[in-house]
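Working notes for the structure below.
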Amino acid sequence: MNWNKIFGLSLRHIYLIKGSFPRILDLIYWPSIQIFLWGFISKFFTLNSTYYNDTVGIILTAAILYDFLFRSSISYNMMFLEEIWSRNFTNLFIAPIKLKEIICALTLTAIIRTLIGMVPAVLIAIPLFGVSIFKLGIPLLLLLISLYIFGVTLGLLVTSGLIRFGPSFENIAWASLFFLAPLGCIYYPIEILPQWLQMIAKFLPLVHIFEEMRNILINNLINYNQLFIAFFISFAYFIAGIIVFYLSYFGARVRGTLINMGE
Amino acid sequence: MKIEIKNISKKFNDTHAVKNLSFAIEENKTLGLLGPNGCGKTTSIGMFLGLIKPTSGSIEIDGIDINHADRTEILSCMNFASPYVELPKKLTVKQNLEIYGRLYGVKKLQDRIDEIANDLDLNLFIDKKNGELSSGQRNRVSLAKSLINKPKILFLDEPTASLDPDIGDFVRNYLDYYKKNNEITILLASHNMNEVERLCDKIIMMKSGEIVDQGTCEELINKHGRKNLEETFLKIVRENNK
């Protein structure tokens, strides 16, 4: 790994963010809107439901964590799409950089984009709804790491599709997370799903992450086993994502889709 | 560096884009790749750059097959410019050169950026965003990017396409000056016959994925009994059509 090259690749996206205030505003806008929306919805449920003692806290924490996953995946995809939209793709792939350096640079830079959007949203929720995700304590870090790894994995799979099928795969980039959300049991316990779907859902790290989040907030207990399972599944998917990315790249070289890829 | 292309072919499903291409470019020489649209020039350049895997054959650089060598090592001594491949429009010229300088591992990068900016007259707009430049300015920036690592091998795909005669002449003059003062092997794909005549030591004519003729500019003109390369090109292309 050449860190100077990784930094060079990251710098391309840092300059892009730094040079455009509307771009920064766009990164902050959507997570903040989510917080407002889910904050008021959950406040309404608190007043009209007795299911959770702290409906606002649980739903809003879930919304923040889900948005963290969403933003990390979208950030990864967006950075890759930027290369296609700017018709810079060929320049990038003929530069002497290894695929693992591209993956590493996108993974590291995606966190910057994600945090630019998420930090204001997390801070807004504290005074506005009295909800702080920091109440989750140390396990929060483990939950975020698992979410981030899984978000990047989804990004890797979408970028593999972009390499394989070209820019027409772009729509899948936006839809990928919505496809998994119902199975992720983000806002409801896994028991809501039919038995057969529960079996499938358990293969996703999301179920373990959000079940554990609710466990910590409702029961004040930390199940490290559940946290470990979430991390392990996320990491396994990440490795699979890397393999798919490499296969797509080598497939694209055979099909000739790497050259002249652009809008 | 010497480039040797040995029987490379590329098939996309049932389409034979490139058929048994074989030629060599001697060290520090410039080869012109001519042919009508769709004759396989871009596919060939894609294979030379390692972006497309040949169905068969080999591409050797100084005797090393690029498909079996360390990709990054080979790519670090090559570069490419084409008006159809752009640099990020939202970044300034300087930022783009800095990023590509880092990706190519250029030492004393700031000095190199200053040098190339002076050579290609970029200083007036070096802090402007690439998207705000005229096509002539963008073209020079693209050329600067392709020379940032002082490549030993340069692939140019229609480097002066869509440029006005003045800028086109500037680019050609600079390329002429650069190759006389540096060790560089160039493959130039172009539709501009004057450009090819002026810059290339040898020419390859392609049609339907195959080489239909080759030689020096003078040899080709004499062989086909025409006045200049443009007429020669038209004769070869139309002759083969019949």
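Numbers restart at 1 for each chain; the letters A, B, ... are given by sequence-line order, proteins then strands.
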Counting only non-hydrogen atoms closer than 4.5 Å, does A:Arg23 touch chain B with its backbone (N, CA, C, O), its side chain (CB onward), both, or neither?
side chain
Any heavy-atom pair between the side chains of A:Tyr15 and B:Ile99 that's under 4.5 Å?
yes
Measure from the side-chain N and O atoms of A:Asn91 to the backbone N and O of B:Glu86, and report whether any donor-acceptor pair falls under 3.5 Å.
yes
With only heavy atoms counted, which part of B:Lys129 is less than 4.5 Å from chain A, the side chain, the backbone, both or neither?
side chain
To the nearest 0.5 Å, tell me how far A:Phe93 CZ sits from B:Leu49 CG.
13.5 Å
Answer with side chain, backbone, both or neither: which region of B:Phe12 has an atom nearer than 4.5 Å to a non-hydrogen atom of chain A?
side chain
What option among B:Met47, B:Lys53, B:Lys90, B:Glu98 has the most heavy-atom pairs under 4.5 Å with chain A?
B:Lys53
Does any donor atom in the side chain of A:Asn88 or B:Tyr100 lie under 3.5 Å from an acceptor atom in the other side chain?
yes
Do B:Arg102 side-chain atoms and A:Leu11 backbone N/O form a donor-acceptor pair below 3.5 Å?
no
Nearest-0.5 Å distance, CD1 of residue B:Ile74 to CD1 of residue A:Ile94:
14.0 Å
Is A:Tyr249 in contact with chain B via its backbone, its side chain, both, or neither, using a 4.5 Å heavy-atom distance?
side chain
Could you check whether any side-chain N or O of A:Arg87 sits under 3.5 Å from a backbone N or O of B:Tyr84, counting only pairs where one atom can act as donor and the other as acceptor?
yes
Value rounded to 0.5 Å, distance of CD1 in A:Ile97 from CG in B:Leu75
9.5 Å
Part of A:Ile6 lying under 4.5 Å from any heavy atom of chain B
neither
Cut-off 4.5 Å, heavy atoms of chain A, and the answer for B:Asn67 is side chain
